[in-house]
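Down below is the structure, laid out as C-alpha cells.
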Amino acid sequence: MKEVLKNLNEEQRSAVLHTTGPLMILAGAGSGKTRTLVTKISYLIETVGVSPFKVLALTFSNKAAREMRDRISTQVSSDAGALSVTTFHAFCARVLRSEAQYIGLSRNFTIYDTSESKAVIKQVLSRHGISTKELSPFEVMNYNEGLNNLGYYVGIDNEEEFDLDRSDPFFTYYNEYNAELRKSNAVDFGGLITGVIHLFEKFPDVLKKYVERFEYILVDEYQDTNRAQFKLLNMLSKEKRNICVVGDEDQSIYSWRGADIRNILEFEENYPEVQVLKLEQNYRSSRNIIEAASSVISRNIHRKGKEMWTSNPTGDEIEVVECFNEKEEAEFITKTILDLSKEGHSTREMAVFYRTNAQSRTLEDQLRRANIPYRVVGGVKFYERKEIKDMLAYLRVVVNEKDSLAYSRIVNVPSRGIGATTLRKLETVAVRDGLSLPQVVETIVDNLSNYKDLKLSAKVRSSLSMLSNMFMEARLSDSSGKSPVEIYEGILHESGYWDSLKARKDYESQARLENLEELSSAIKQYESSTEKPSLGGFLETVTLDTSNEEDTGQDLGEVSLMTIHGAKGLEFNHVFLTGVEENIFPSIRSLEESQDFGLEEERRLFYVAMTRAMEKLFICFAQGRMLYGQLKFNGPSRFINEIPNKYYHWKKVGKITGSSSGFSNDNNEYDDFNQECEFEDDEKTFMVSKNAPASKFNTGAKVIHSLYGEGSVINSEGTGQDEKVTIKFKDGVNKKFMVKFAPLTLI
DNA sequence: CACCGTTAAGTTTTT
DNA sequence: CTTAACGGTG
C-alpha cells in the first residue's frame with residue numbers, strides 16, 4: 001500500500017481510492033477531511049497519473065485554499081503549481097478575465113466589494129428620489145444578493161423559473177444597479193459567479209473548453225455553497241462526472257448568506273450513481289466533548305444524521321460557568337488562562353469565542369490588564385480604512401478608466417476645489433456622451449474650448465488637468481511594466497494625498513500615514529510573492545483576499561479572540577465560549593423567526609463552537625449583562641440545558657459588588673437549573689449566593705396573560721418595581737409589560 | 001464645504 | 001452604550 005494511505009482510516013481511504021464518478025463525503029467536525037482531500041489530490045496525481053492541470057479544487061476562503069495548496073505541495077513531487085486550488089470567487093474572476101469580451105466586459109474590470117456596491121445602490125436610489133431613511137440600501141442589497149445567490153443574471157433565458165415580480169420596485173433597482181456596474185466595467189462578488197454562469201450558458205463552446213480541462217473537481221465546505229455555485233458545479237462536471245464534494249450539514253452556518261441545504265440533498269438526484277461516504281471518527285476532541293456536542297446537534301430535525309465517535313480519552317468534564325456579569329466573566333477567563341498557563345499549557349492553544357463582535361471589548365480590557373497577549377481575529381479590516389480605500393480608488397482608476405465610482409471618491413480627496421456642483425456638471429456630460437467620469441475629464445482637459453458652457457473656474461480646470469495627466473502617466477507606466485509599488489508611490493505624492501495628511505498634526509493623521517506606508521509594503525509583499533505582478537493583479541488580491549493575516553513571524557503565545565463564525569475550521573486545546581445566554585446565543589433575531597430554521601442554525605453554530613475544543617471546554621454565561629446601555633437578565637442559553645448532565649459540571653463564580661447590585665437574596669430563582677454547584681474561593685473571588693435572583697419571569701418561562709393568553713418570556717429588563725418583560729404569545733405577537741401592572745401568572 | 005449636533009438603530013460576514 | 005448617517009449652521 002502506498003505510504004500516504006497508511007495514515008488514513010478505512011473510510012478516508014475509500015474516499016481517496018474512489019477516483020472516478022461522483023462522490024459525496026459527509027465529514028463530521030475534526031474527522032480529517034482536509035487530510036483526506038489533500039491525500040486524494042496527491043493520489044490522483046502521483047498514482048493515477050492525472051495531470052495537475054486537470055484538477056480543480058474549490059474552497060470558500062483563501063485561508064483554506066492556501067492551507068490546502070501548502071499541504072499538497074509537501075505530498076506531491078511533480079509540478080503542483082499547475083493545480084488549481086482556489087476559492088470560488090477567485091476561480092470565477094480568472095475565468096471572467098480571460099473570457100470577458102463574451103459578456104461585454106473588458107478584462108481589466110474592477111471587483112466591487114460590499115461597501116462599493118452599497119454606494120452604487122445609494123446612487124440608484126437617489127435617482128429615484130428615495131432617501132436612505134425611507135429605504136435602507138441594505139434591503140436592496142439583500143434583494144440583489146438573493147438573486148445573485150440563486151444564479152439569476154440580467155438576460156437569463158429561463159427567467160420564469162425564478163418567479164419574479166417584474167413590477168417590484170426592487171427589481172427595477174436591481175436592473176439599474178447592474179446597468180451601473182456594467183457601465184463602470186465592474187462586477188460585484190455575486191456577479192463573479194453569475195457572470196461565469198452567464199458565460200457558460202450563452203457560450204457552450206467556452207464552457208466546453210473548461211469542461212475538457214477540468215476532469216476532476218473537488219469542493220470543500222460544500223454545505224456552504226449557494227444555488228449559483230451549485231449550478232456552476234453542475235455545468236462543469238455533468239459530463240466528466242468526476243466531482244467530489246465534502247461537507248457537513250451540521251456545520252452549515254451561513255444560510256443567511258445563501259448557503260442552501262438543497263445542494264446536499266439534490267446532489268444525489270443529480271448524480272444517481274453517487275457514492276456517499278461518511279467520516280464519523282473524530283480525531284480532535286475528548287470523548288466528553290464529542291458526545292455532548294453530538295447530543296446537542298441531534299435535536300436538529302433538518303439533518304441527514306451522522307453518528308460521531310472518537311477513540312480519544314474521555315477527558316475532563318465541560319465546565320459551565322455562571323458569572324455575575326460580563327466583567328466577571330472576563331475576569332474568570334483571564335484568571336483561568338493564567339492558571340492554565342502556569343500549569344504549562346500554551347496560551348497559543350487557547351481561544352475565546354463570542355457570538356457578536358461587540359462582546360470582545362470587555363474581554364480585551366481584562367486581558368490587557370492582565371498582560372496576556374491576544375489577537376482579535378476578524379475585527380476591523382485594514383483594507384476598509386478610509387485612507388486605504390482612497391488610495392486603492394486612485395489605483396483602480398489607473399487600471400479601469402471606466403470606474404466612475406472610484407473616480408468620484410477621490411476627485412476631491414484631498415480637496416482641490418471640485419465640489420458637488422462641478423461633479424454634477426461632469427456627470428451630466430458623462431450621461432450625455434455615454435462616457436465614464438475619468439473619460440469625461442480627459443476629454444474636457446484635451447478640448448477645453450469645446451466645454452466653455454460648463455463654466456469651469458480656473459482652479460477647477462487646473463485641478464482636473466492635473467488629475468488627468470497624473471492618471472495618463474500612471475497608465476503609461478503601468479503598461480510599460482513599471483512596478484506597482486512605484487506607481488503607487490507616485491500617485492500618493494503627486495495627488496497631494498500624502499502632503500495633505502502630513503500637514504495635519506493630529507494623532508489620527510499620523511496613524512493614517514503609517515497605514516499608507518503599510519499599504520506600500522503590502523504591495524511590495526505582493527510583488528515578491530507573485531510571478532507576474534501587476535497593478536490589476538494586486539487590486540484583485542485585495543478585494544478577494546481579505547484575510548489580513550499579518551505574519552509577525554514570532555510566536556508571542558497570543559490567545560485568540562473571535563466570533564464563532566470565525567472559528568470554523570480551527571481547533572484549540574482550551575476553548576472559552578462566552579455570553580451563552582438566551583437572546584444572545586441563540587440570538588434574539590433567530591428566536592423571532594417563526595420557523596425553526598433560525599434556531600437550528602444557532603444550534604449548529606453552538607455545535608461548531610463546542611467541537612473546536614480538543615481538551616477542555618468552558619461555557620460561560622452572565623446573570624446580568626449590559627446590552628445597549630441597559631442591564632439585561634437573559635438567563636442561561638437553552639443550549640446549555642440541551643447538554644446531558646453527565647458531560648458537564650456547573651459552577652458559580654463572582655465577587656460581591658455591594659448591596660447596590662440590584663440582586664436580592666430572598667428570591668428563589670434559577671430553580672430550573674439547580675445543578676450541583678461548586679464555589680470558587682480566593683482573595684478576590686467570593687461565592688455568590690446559590691439563589692442569585694433576577695426575576696421570577698425568567699427568559700423562557702411560560703406565562704398566562706389574562707387578556708392575551710398563553711406565551712413565553714423572551715426578554716426581561718430592570719429589577720423589582722421597574723421590571724419589564726417581553727412576552728411572545730402563541731399567535732406570534734410580542735408585547736412588553738411592566739411586571740407590577742401586568743396580569744401575568746407563571747404556569 | 002467642513003464641522004457639529006441630533007437621531008436612530010443595533011447578528012453572524014469565508015468572497 | 002456605541003456608531004453611523006443625516007441635516008443644519010458657520
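All chains are named by letter (A, B, ...) in the order of the sequence lines, taking the proteins before the strands, and each is independently numbered beginning at 1.
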**OP:** Please answer whether the main-chain N or O of A/I111 pairs with a side-chain N or O of A/E540 as donor and acceptor at a distance below 3.5 Å.
**Re:** no
Original post:
For A/Q359 and C/dT2, what is the distance between atoms CD and C1' respectively, to the nearest whole Å?
Top reply: 14 Å
**OP:** Measure up the A/F214 and A/F91 rings against each other and bin them: parallel (under 30°), tilted (30 to 60°), perpendicular (over 60°).
**Re:** perpendicular
**OP:** Would you mind classifying the nucleic acid contact of A/D220 as base, sugar-phosphate or nothing, using non-hydrogen atoms under 4.0 angstrom?
**Re:** nothing
**OP:** Mind calculating the distance between CG (A/L96) and P (B/dT15) to the nearest angstrom?
**Re:** 18 Å
Subject >> Atom pair distance, as rounded to whole Å: CD in A/E221 and P in B/dT14 >> reply: 13 Å
Original post:
Within 45 degrees of the axis of the six-membered ring of A/F230 and under 6.0 Å from its centre: does A/R227 put its NZ or CZ there?
Top reply: yes
Original post:
Quick one: on DNA chain B, does A/I564 or A/I418 contact a more 5' nucleotide (nearest heavy atom)?
Top reply: A/I418
Original post:
Just how far, in rounded Å, is C1' of B/dT14 from CD1 of A/I193?
Top reply: 12 Å
Subject >> Inter-nucleotide C1' distance (C/dT3, B/dT14), Å rounded >> reply: 25 Å
Original post:
OP1, OP2 of C/dA4 versus side-chain N and O of A/K386: anything below 4.0 Å?
Top reply: no
Original post:
If the C1' atom of B/dT11 is compared with that of C/dC6, how far apart are they to the nearest Å?
Top reply: 24 Å
Subject >> Interatomic distance, A/S408 atom OG to A/Q123 atom CD [nearest 0.5 angstrom] >> reply: 6.0 Å
Original post:
Nearest-Å distance, CG (A/L627) to P (C/dT3)?
Top reply: 15 Å
**OP:** Determine the sole option in A/R409, A/K122, A/K389 for which the salt bridge (Lys or Arg N to Asp or Glu O under 4.0 Å) test with A/E116 is passed.
**Re:** A/K389
Original post:
What is the distance from atom CD of A/Q359 to atom OG1 of A/T578, rounded to the nearest 0.5 Å?
Top reply: 5.0 Å
Subject >> Residue A/R361 excluded, over 12 heavy atoms near CZ under 6.0 Å >> reply: no
Original post:
Does any non-hydrogen side-chain atom of A/L599 lie less than 4.5 Å from one of A/R638?
Top reply: yes
Between the protein and nucleotides 6-10 of chain C, list the N/O to N/O atom pairs that are separated by less than 3.5 angstrom.
residue : atom : partner : partner atom : Å
C/dC6   : OP1  : A/T132  : OG1          : 2.6

**OP:** With heavy atoms under 4.0 Å as the rule, sort A/D224 into base, sugar-phosphate or nothing.
**Re:** base
**OP:** Could you check A/V352, A/I619, A/L363 and say which one makes a side-chain contact (heavy atoms from CB on, under 4.5 Å) with A/F576?
**Re:** A/V352
Subject >> Value in whole Å for how far the C1' atom of C/dA5 lies from CD1 of A/I130 >> reply: 18 Å
**OP:** Look at the aromatic rings of A/F585 and A/F606 and report parallel, tilted or perpendicular, splitting at 30° and 60°.
**Re:** perpendicular
Subject >> Rounded interatomic separation in angstrom, taking CG from A/N142 and P from B/dT13 >> reply: 16 Å
Identify all pairs in which a protein N or O lies below 3.5 Å from an N or O of nucleotides 9-12 of chain B, and state each distance.
residue : atom : partner : partner atom : Å
B/dT12  : OP1  : A/N357  : N            : 3.2
B/dT12  : O4'  : A/R355  : NH2          : 3.1
B/dT12  : O2   : A/R355  : NH2          : 2.6

Subject >> Polar side-chain contact A/R257-B/dT14 base: donor and acceptor under 3.5 Å >> reply: no
**OP:** Would you kindly give the CD-to-C1' distance between A/E326 and C/dC1, to the nearest whole Å?
**Re:** 11 Å
**OP:** Using a 4.0 Å heavy-atom cut-off across all strands, classify A/S415 as base, sugar-phosphate, or nothing.
**Re:** sugar-phosphate
